[in-house]
Amino acid sequence: MNIDGVNTGVVLDHIEAGKGWEIYNLLGLDKVDCTVAIIQRVNSTKYGKKDIIKVDGDVDLDLDILGYFDTKMTVNIVKDHKLVEKVKLKLPQTLTGVIECKNPRCITSQEQEIVHKFRLSDPENKKYRCIYCDVVYKESK
Amino acid sequence: MKELRHLINITDLTVDEINHLIEVADDIIDNPEAYQDICAHKKLATLFFEPSTRTRLSFTAAMMELGGNVLGFDQAASSSTAKGESVSDTIVMASCYSDIIAMRHPKEGAPFVAANHAEVPVINAGDGGHFHPTQTLTDLMTIHRKKGKLGGLTIGLCGDLKFGRTVHSLIEAMVRYDDVKFVMISPEELDLPGYMKETLDAEGVEWKETRSLEEAMPELDVLYMTRVQKERFFNEEDYIRLKDSFILRRKMLEDAKEDMIVMHPLPRVNEISVDVDDDPRATYFFQALMGKYIRMALILFMLGMK
């Protein structure tokens with residue numbers, strides 16, 4: 001299967017296989033006015049299988065947020081068919097509207113219109129605390 | 001325009017600011033007549049979405065003794081919250097009618113939401129099991145008046161350390177003073193939350209846990225008792241099982257230091273036996289009085305008047 005290279009835009013490589021759509025939605029790529037390709041379950045010498053997203057267009061994406069999901073992902077910034085920057089992902093200091101506080105005592109459990117916001121409290125263990133109630137976010141199993 | 005100050009967590013105040021508040025409160029005690037009209041024509045809104053006796057009364061008394069006025073409600077049922085109004089809308093409305101707001105809410109983080117929408121200073125008067133900074137100021141004022149210092153003390157925290165917001169705020173305040181040690185005395189189910197333990201470790205503070213109040217007693221300068229709060233439990237069985245975990249009786253004070261002080265944010269249910277009340281170390285009613293003076297100092301500070 002052939003998919004054209006990117007002229008000017010972003011290539012997200014080494015996405016954990018199966019997570020491509022999640023990243024697509026997270027970055028709001030359904031709303032951008034340019035060509036976007038998601039390639040799923042590509043053979044990878046490093047990880048076995050991987051997903052790739054190619055965005056061909058000069059769009060402003062919040063790439064910081066990607067660090068929360070997968071710091072192993074490779075983010076390549078392309079300009080005029082040339083790789084101009086490899087962005088090293090790290091855990092973002094804050095997460096706004098990405099994850100939701102599950103503490104039933106938190107004000108966000110009562111007032112649905114409040115935007116859920118978390119701050120990084122322990123980078124080593126990837127712990128994020130709700131800015132309202134301070135409770136650590138735990139991923140559902 | 002001067003930036004609005006809010007008090008959500010005790011750490012919103014620097015140590016210098018806390019010391020300043022204590023100085024002003026000391027001066028209010030010494031010279032009450034100098035402050036009796038200082039807040040004339042100012043209004044404090046007490047927005048209490050959850051029942052309270054001491055905190056609301058002490059805020060009310062504080063503003064009245066400063067010559068100001070007080071308006072508000074004392075339960076969510078008597079506010080528009082019962083009709084589904086959001087915290088932010090209630091606060092914007094209250095900002096129109098008052099110069100300063102003291103707010104209590106059962107949900108954690110509600111005063112923080114309020115502060116993001118208010119056009120006047122917001123004081124957190126307790127948000128669920130989270131923070132209660134004015135109780136902490138009360139506690140610091142009490143320790144200052146009784147011990148003459150805030151550093152170099154061993155503080156025993158006893159009872160519900162999991163949901164006990166007064167305990168959390170007190171720890172956050174005291175870790176900033178030199179040579180403070182903590183002894184945590186609680187049943188395992190009501191242990192201090194992980195994020196508070198992280199705070200203690202990050203600050204390099206000496207602390208330990210024990211399940212025995214008697215064992216901890218001899219080394220304490222301050223014994224801070226707390227109530228196991230029924231309203232924090234989703235399951236009544238757990239509450240009943242844990243509510244009588246620690247009861248302080250007069251006989252247990254035999255091993256305590258002569259100048260130790262017994263504090264309690266009140267109300268107590270049965271965790272301090274009434275026979276302790278006559279012991280000179282019982283400080284909890286004095287503590288309630290100090291709450292009024294430090295809140296007077298805080299209101300002046302938040303209004304930019306002192």
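Below, chain A is the first sequence line, B the second, and so on; all start at residue 1. As a basis for the values below, the full set of heavy atoms in this structure was taken, side chains included, without hydrogen atoms, waters or symmetry mates.
- Residue A:Glu113 places its CD atom among more than 12 non-hydrogen atoms of other residues, nucleotides or ligands, all under 6.0 Å distant.
- Heavy atoms only, all atoms of each residue included: A:Ile107 and B:His105 are closest at CD1-CE1, 3.9 Å.
- Heavy atoms only, all atoms of each residue included: B:Lys107 and A:Pro104 are closest at NZ-O, 2.6 Å.
- Contacts of A:Glu16 classified as side chain to side chain contact (heavy atoms under 4.5 Å, CB included), with partners at least two apart in sequence or in another chain: A:Lys19, A:Asp70.
- Among residues two or more places apart in sequence or in another chain, the ring-ring contact (aromatic ring centres under 6.0 Å, His included) test is passed with A:Tyr47 by A:His14.
- No more than 12 heavy-atom neighbours from other residues, nucleotides or ligands sit within 6.0 angstrom of CD on B:Glu206.
- In this structure, A:Asp58 places its CG atom where only 12 or fewer heavy-atom neighbours from other residues, nucleotides or ligands lie under 6.0 Å away.
- Contact residues of residues 86-97 of chain A toward chain B are absent (heavy-atom distance under 4.5 Å).
- Your options are B:Pro193, B:Pro111, B:Gly109, and the one with the most heavy-atom pairs under 4.5 Å with chain A is B:Gly109.
- The CD atom of A:Gln110 lies 9.0 Å from the CZ atom of B:Phe49; values are rounded to the nearest 0.5 Å.
- At a heavy-atom cut-off of under 4.5 Å, chain B is reached by A:Lys127, A:Arg129, A:Ile131, A:Tyr132, A:Cys133, A:Asp134 from residues 118-134 of chain A, listed in order of number.
- Contact annotation for A:Thr108: neither backbone nor side-chain heavy atoms come within less than 4.5 Å of a heavy atom of chain B.
- Counting heavy atoms of neighbouring residues, nucleotides and ligands inside a 6.0 Å radius, atom CD of B:Glu189 exceeds 12 of them.
- Annotation: A:Lys72, atom NZ; neighbour count of heavy atoms from other residues, nucleotides and ligands within 6.0 Å does not exceed 12.
- Remark: A:Lys117 NZ is loosely packed, at most 12 non-hydrogen atoms of other residues, nucleotides or ligands lying under 6.0 Å away.
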